[in-house]
Novice: 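Submitted below is the structure of interest, expressed as structure tokens.
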Protein chains: 2
Amino acid sequence: MRFHSPSIQYFHAVRRTGSIRAAARLLNVASSAVSRQILKLEQEVGSPLFERNARGLTLTTVGEMLARHVMNVLQDLDRFRSDVASLSGAWHGTVSIACIESITESVLPDLIASHRTRARRVSFTAEIMGSSDVLEALRRGEADIGIAIALRHPPDLRQVALKRFRLGALVAREHPLARRKTVTLEQCLAFPVIQALPELSIYHLLQPLIAQLSETPEPAIQANSIDLMRELAARGVGVAFQTQLGIGRLSRDAQLVFLPLDNAGSPVWSDLGIYVRAERTLPAFTESFLQELVRELGERERRENAAYPQGA
Amino acid sequence: MRFHSPSIQYFHAVRRTGSIRAAARLLNVASSAVSRQILKLEQEVGSPLFERNARGLTLTTVGEMLARHVMNVLQDLDRFRSDVASLSGAWHGTVSIACIESITESVLPDLIASHRTRARRVSFTAEIMGSSDVLEALRRGEADIGIAIALRHPPDLRQVALKRFRLGALVAREHPLARRKTVTLEQCLAFPVIQALPELSIYHLLQPLIAQLSETPEPAIQANSIDLMRELAARGVGVAFQTQLGIGRLSRDAQLVFLPLDNAGSPVWSDLGIYVRAERTLPAFTESFLQELVRELGERERRENAAYPQGA
DNA sequence: CATGTTGCTGCCGTTTCGGCAACGGCTATA
DNA sequence: TATAGCCGTTGCCGAAACGGCAGCAACATG
């Protein structure tokens, strides 16, 4: 089922690998064949598509436009294929997810497991990365569904849903703060804190608030792993900050206490966005999972905001 | 700039013409070439795409799926082309509009004229048809932008905007009703009325209301042309019904009087929807016109609802 | 300076494509 | 019922496109 010119597939491979010879290896063809198809494309478009650097190729402006078109075509071809397949009862395919670490503790594994019991022939690929990398992976067509902290999102992505979760402090049960119901940032900064490195978006949420307080926080630990920060907090090393999403099980085991964070009298929110490439129609099985994901995250949002009602 | 397999272009032509030989004539190639490409496609998809009837071809279910994919590809190719062209300063192309008759009196010509003064190299194609045909033309890729009465719209179309306009009675200046500020359906039915035929969507708006009144309206004239109905009303033949959109100029010439219609104490609305094919990104110049269209219709909606404030 | 890698280009066999003519199936009309 | 016209399909053959091989110059790396 390959009814598109080789040129666009070759172009796509060259764009991904950044090299004609590498693309040729990927496609199991001679590099000359790839080179010629690219030259032919450039002749037909009437403008160079790549800048030839000494070490590989880079897209020109026109090249990026074509890359966008080619991605639309190939992704839609993919959807067509799965549509045809599902017509003969074969409901299968792979859903590829790019997401931040927060949801790997319970949301994502729960959802995937539950989805697999109903649709056993749908596979999953999940990759953890930073928020901005999630958006980039979507834009490059390397993932179908993206979950990231909702900052500004580029116009070529579609924000399917936006759920807000309350940011809180995470402390061990024996911690002096553990008996409080809520906690302010100032109170936390009196203790050693486990800070997020700039690669985590929690950093960008908290840093402005900390800067406002103009108190230099007690030197503590910096990490770029939600998991690590949680484990450190559980051992009483300090105060960590995250949403309750990532600590469903651990807090039930009662080693950890989650304290909703207040700042200037109002909660601190962390906005979680679900994203999809805008110029694209998803295959049916991907769309189905996406709906469940939105529903589930909405459910969590509702539950948590009920547990910790609005305001201090 | 033809970097897609001939197969999909041939398929597209066959789908539109419903015949291999006709498609061949359209494409200036031998019919055998077209036939072979279709057969090859069917072999690669693994399922027939057309049903061979005695008189031409009809799409199968799989064929319709492929048609959708092919249309996505070709429309996106079109957008890519215009994107590349606009990069070298050439902002040109054709915007194709399918719309109902109501807006041909002033909205559409005003907009097109105004747009042409700014973007002189953008051409327009406008075709008048019934509301359901508008949606069908969009779905078949025969128009870029559709304007129709907003009933239920199929999921493969995107409703860009929805504007509501007040339905009213149209009478000559000398008509007994002409001195009123508003008018009810019952009052109108006491006089000869100019009824819309079922092909016009006004029919489907008014017929249920008329049926409720259970008075047989005085036999009068039925027509399927907004223009004709307006001219008839101007000559005092009877009461016509339409929105104020179509009578901007005539009512200023004071031959006609527009009386907002009330039914059971509340206004009767006519919802105008602007539609675009969902799985598609518009070329920049088309998108630009679309924005102006939405803005202008929104402006009219605001003005008219200010002129005839809510309620009786 | 040697070595490896890059993209590109003749040369040539293979595959694909398109035009021509003919065939069988069907409809409409006389 | 016979015939003319249109339909999609198929064999044949020349033309165009494609891909593999080997070799080129340009550049980076050591």
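Note on naming: letters A, B, ... go to the chains in the order of the sequence lines (proteins, then strands), and numbering restarts at 1 for each one.
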Novice: Between atom CG in A:N53 and atom P in D:dT29, what is the gap in whole Å?
Specialist: 12 Å
Novice: Check the distance between C:dG7's P and A:L41's CG and give it to me in whole angstrom.
Specialist: 16 Å
Novice: Whole Å only: how far is the CD atom of B:Q37 from the P atom of D:dG8?
Specialist: 16 Å
Novice: Separation of B:F3 atom CZ from D:dA17 atom C1', in whole Å?
Specialist: 18 Å
Novice: Taking atom P of D:dT9 as reference, at what distance in whole Å does atom CZ of B:F50 sit?
Specialist: 10 Å
Novice: More 5' along DNA chain D: B:L57 or A:A54, using each one's nearest nucleotide?
Specialist: B:L57
Novice: Are A:F11 and B:F3 close enough, and set up right, to give a ring-ring contact (aromatic ring centres under 6.0 Å, His included), and what steps lead you there?
Specialist: CA-CA 11 Å; A:F11 173 83; B:F3 35 71; 8.9 Å; no
Novice: Between atom CZ in A:R21 and atom C1' in D:dA22, what is the gap in whole Å?
Specialist: 11 Å
Novice: To the nearest Å, how far apart are A:H4 NE2 and C:dT16 P?
Specialist: 18 Å
Novice: Measure the distance from CD1 on B:I20 to P on D:dT10 and round it to the nearest whole Å.
Specialist: 10 Å
Novice: Quick one: label A:L39 by what it contacts on the DNA or RNA (base, sugar-phosphate, nothing), any heavy atom closer than 4.0 Å.
Specialist: sugar-phosphate
Novice: Counting the benzene-type ring for Trp, do A:H12 and A:H4 have ring centres under 6.0 Å apart?
Specialist: no
Novice: Ignoring hydrogens and angles, are the base of C:dG7 and the side chain of A:R36 linked by a donor-acceptor pair under 3.5 Å?
Specialist: no
Novice: Taking N and O atoms by type only, does the side chain of B:S19 place a donor or acceptor under 3.5 Å from a partner on the base of D:dC6?
Specialist: no
Novice: How about CD on B:Q43, more than 12 heavy atoms from neighbouring residues, nucleotides or ligands closer than 6.0 Å, or not?
Specialist: no
Novice: Among D:dC7, C:dC8, C:dG19, which nucleotide has an atom closest to any side-chain atom of A:S31?
Specialist: C:dC8
Novice: Heavy-atom count check: over 12 atoms from other residues, nucleotides or ligands less than 6.0 Å from B:R118 CZ?
Specialist: yes
Novice: Would you please test B:T281 and B:D76 for side chain to side chain donor-acceptor pair (under 3.5 Å) and show each step?
Specialist: CA-CA 7 Å; B:T281 309; B:D76 199 70; 4.5 Å; no
Novice: With heavy atoms under 4.0 Å as the rule, sort B:R52 into base, sugar-phosphate or nothing.
Specialist: sugar-phosphate
Novice: If you assign A:R55 and A:K40 each to the DNA chain D nucleotide with the nearest heavy atom, which residue ends up on the more 5' nucleotide?
Specialist: A:K40
Novice: So, does B:S32 get its side chain near the phosphate of C:dG19, meaning an N or O under 4.0 Å from OP1 or OP2?
Specialist: no
Novice: B:Y10 near the nucleic acid: base, sugar-phosphate alone, or nothing, with a heavy-atom cut-off under 4.0 Å?
Specialist: sugar-phosphate
